[in-house]
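Down below is the structure, laid out as structure tokens.
By convention here, the first residue in the shown sequence is residue 1.
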Amino acid sequence: MVAGFHSFHWEGCELPDAELEQAHDELMAPTEEQAYLHAFRTLLHSGHAVAAGIALDHFQYSGALTRFGGESAVAQYGPDVLAVARELLRQPPTPEDEDTSAGANHASALNAMMNLAEAADADLIADALALATNANVRSAACSAAATALAAAETPSPRLVAALGAVAFDESLADVRERTEALHAVFEADDPEATALLVRATESGEHRMQVYGALGLTTNGRFHDHRERVERLAATWPQDAQYPASLVREALTGFHSIYWLEARLDGDPELERAHAELMFPTGSVDAYHRAFRTLLHSGNPVAVGIAFDYFQSWQGLGHFLHEDEIEAYAPEVVARAWEVLGDPPSPPGLSPRTGEAANHISALNAIGARWPQPSDARRIAEALERATNDEVRDKALWVAYGVLDTDETDEAEEADDGAAETTPDDRMADGPDRDRLVDLVSRFVFDPSLSGHHEIALRVLGEALGPEANPLLLRALASDNWDIHVQAAWRLSRSELIDEHRELLEETVEGWPVEVMSSAHDADLVRRAVFGGMHSIHWEGHRLADPDLYRAHRELRAPSGEETYHRALRTLLDSGQEVAVGIALDHWYHDKGLERHFGEQARAVDAPKVLARAREALHRPPAPAGAGHLSALHALRVARSWEPGDAALFADILRQAADPEVRSCALYTVSGFLYETNTADGELISTLGALARDVSLPVSQRTSALGSLRDAPGDAATEELVRATGCQELEVQAEAALGLTDEPRLADHRALLTRLVASWPTEGAPWAAGLVRESLEARD
């Protein structure tokens, strides 16, 4: 669900009735998932352009969040969204007014179609492009057009022509609009699209040239136009940035992964085959012949390049379909095992990769996807013979595939009930498999094989399943913190955590702070074992009382709202400083109660929370001021003040020895004075003393003056005047800023004028500029 988002194109527009307004309110501030989805459907199918447009904008925005790890709650409504978007495109563009730009309905529809458009939508998109009068509509139309062209077996000539009209419309001031249209043309595999790209390379506009050249490297055009692209790229500055860099990469071609500086010994046939893979002529048969020529040659460099082309996304995938690549797997894997039986290649054969480049490339080609259970003996031998760390890493990934495939195949055979077990399969289940497991385990426990434990633990933990438990528990006892934490992470996975929860809780509670802050995956383990945050100011404290410990666990991983509030009250009523502090942290912090049940849930326990916070502030601070920090933050968030708070805050500010406590107290006091309009003499004088205390950081002194600015009365004014006599320019300026509000400005204008005259005109604090502006405005 997406909270707080109105729309891209309908901000400020009114909806025609209360039902739609209510639905819009639910989208902006969701209460729960079903109500949110109902509101989305209500707007989408309302038949009203503004309501439907808001829903379409919301759909696209929600989908965009998935790029950053979020989830789209409305993705399931893609077909409905596409139907509504088409209806809006059939309508005339909405006119421009004070709330919307021209064609807002088309912009919303096309935005929503960005990833949904189909080949049949080509004419609608072409019509929208022809009618578009602003950049928003044109940009959205180009994105939707690219999707529609990519989905078409035969590109729409009308849509290609419409994109061309935009691309070569010199009346468009922003060339980026034109290149957006040209970029969409890339997806059209036809002569008309190619002609547009060639025309763009002849443009006098550099950006159009670059996009034209880039388009000629796609969709099988490169072979016929390579010389043109090379000539053009040679005229560009050497430091030309994206997308010129992509064109130059295409001109370089994909050589290989591990053999970049290796030579094919001047063999013309192998060199031609390699050139065909790098720059395909367009003949599928020639491409296949070239790959097999390299793969089955006796030249280790050629074979290694073929392995790299099979494995890399930049290799065969640039010209062949996925099923064609997968069809090569048996042939490639068989050849890779042959190569692994050869001696490791010398460093000079592949200077960049070094020793055993042939084994590295072969193991990489097999990977974790292609081995069989019967390969256990062969990969065990490869691990034992490995001569460098990269070979070991690659071999461990193949071992992952051997062990994981073994278990998966057994499950499939059990399901089929008819599969027969071959002698090789039986052999893989016996000594060879045990030998492989033992070898992988050595990379965890043998110090002489250090540096591979993360991969090895993953192989054991993910490929073996429950069989790995004894090994993971042994690793958990390791003195090596990284191995220890990695083992804990494996044991905290969803399928294992319940079996080992008590041990993991004991383990994680005993971790020193430096492990929590530095060891890889430590925070993931903690969250898996305990749920959410421990606390803010009480990390490292474990509640010994079993009831309080269970209550703390409930706050971290709630089982329900009511049980959460009961647990919170248990901690608040415990009488233990740590337990109360933890409860206060969970109550005020946005990763605590608010994260689970929303900000409004704070009201349930607010009176008890505030009472405990004030009690904590009357006690001497705990080490590092944790008790006072938790209490001050709770009062600041609650914004519910009592008459005695002024004296309480004055005491805290006078006694605070910890800079963090003092800063937090100043922050809280600022809100208190701003909201209560209080002029307590003791608090005012305390703030003034802090502002003049040269032993304090300037930032805290100016914070005290900021609070005085919000305090009424002559006492606060006098403290501000006294602070203008401080030597530090930042303090002077902040004090002077507090005197610029009426009626203070009228009474102290002469003082402010003298101060401003003494300040530098350049490099002065931002507050000094505001003081100058106030005086100039008064003049």
Donor-acceptor list for residues 150-157 side chains, cut-off 3.5 Å, not counting sequence neighbours:
| unit_1 | atom_1 | unit_2 | atom_2 | d |
| --- | --- | --- | --- | --- |
| S156 | OG | R158 | N | 3.4 |
| S156 | OG | L159 | N | 3.1 |

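- Using a distance-only test at 3.5 Å, with no hydrogens or angles considered, a donor-acceptor pair links the side chain of T147 to the main chain of M114.
- L340 is not listed as a side-chain neighbour of R378, based on a closest heavy-atom distance of 4.5 Å or more.
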Does the side-chain hydrogen bond (donor to acceptor under 3.5 Å, both in side chains) test come out yes or no for Q209 and T201, once each step is laid out?
CA-CA 4 Å; Q209 280 186 17; T201 63; over 6 Å; no

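- In terms of modelled atom types and a separation under 3.5 Å, the side chain of Y211 and the main chain of R178 share no donor-acceptor contact.
- Side-chain contact check for T281 versus Y287: every heavy-atom pair is 4.5 Å or farther apart.
- The pair R263-D265 does not count as a salt bridge, with every side-chain nitrogen at least 4.0 angstrom from each carboxylate oxygen.
- Annotation: salt bridge (Lys or Arg N to Asp or Glu O under 4.0 Å) contacts involving residues 276-301, sequence neighbours excluded, comprise R292-E331.
- The one candidate from Y258, F254, F291, W259 that meets the ring-ring contact (aromatic ring centres under 6.0 Å, His included) condition with Y309 is F254.
- The backbone N or O of G304 sits less than 3.5 Å from a side-chain atom of S361, completing a donor-acceptor pair.
- A donor-acceptor pair under 3.5 Å is formed between the side chain of N388 and the backbone N or O of E355.
- A donor-acceptor pair under 3.5 Å links the side-chain atoms of T217 to the main chain of L214, judged by distance alone.
- In summary, of the residues considered (V198, V229, L197), a side chain to side chain contact (heavy atoms under 4.5 Å, CB included) with R221 occurs for L197 alone.
- One distance of note links CG of D393 with CG of L363; it measures 10.5 Å at 0.5 Å rounding.
- Counting only residues at least two apart or on different chains, the salt bridge (Lys or Arg N to Asp or Glu O under 4.0 Å) pairs with a member in residues 333-353 are E261-R352, R335-E338.
- The side-chain heavy atoms of L182 and L163, taken from C-beta on, include no pair separated by under 4.5 Å.
- Checked by atom type and distance alone, the side chain of T235 pairs as donor or acceptor with a backbone atom of L232 at under 3.5 Å.
- Between L246 atom CG and Q241 atom CD the span is 11.0 Å, to the nearest 0.5 Å.
- With sequence neighbours left out, D267 forms a side-chain hydrogen bond (donor to acceptor under 3.5 Å, both in side chains) with no residue at all.
- Of the inter-residue distances, the one linking L457 atom CG with Q486 atom CD reads 6.5 Å to the nearest 0.5 angstrom.
- With hydrogens and angles ignored, the 3.5 Å screen pairs a side-chain donor or acceptor of N358 with a backbone N or O of P343.
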Test log, rule salt bridge (charged side-chain N to carboxylate O under 4.0 Å, His left out), inputs E467 and R433
CA-CA 13 Å; E467 183 186 347; R433 185 176 185 280; 3.3 Å; yes

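- Applying the salt bridge (Lys or Arg N to Asp or Glu O under 4.0 Å) test to residues at least two apart or on different chains, the pairs with a partner in residues 307-326 are E326-R369.
- Residue S256 holds its OG atom at 6.0 Å from NE2 of H274, rounded to the nearest 0.5 Å.
- For the pair R226 and F279, the cation-pi test (distance below 6.0 Å, angle within 45°) is passed.
- The stretch residues 441-452 participates, sequence neighbours left out, in these salt bridge (Lys or Arg N to Asp or Glu O under 4.0 Å) pairs: D438-R442.
- Atom CZ of R272 is separated from atom CG of L294 by 12.0 Å, given to the nearest 0.5 angstrom.
- In terms of modelled atom types and a separation under 3.5 Å, the side chain of D404 and the main chain of G401 share no donor-acceptor contact.
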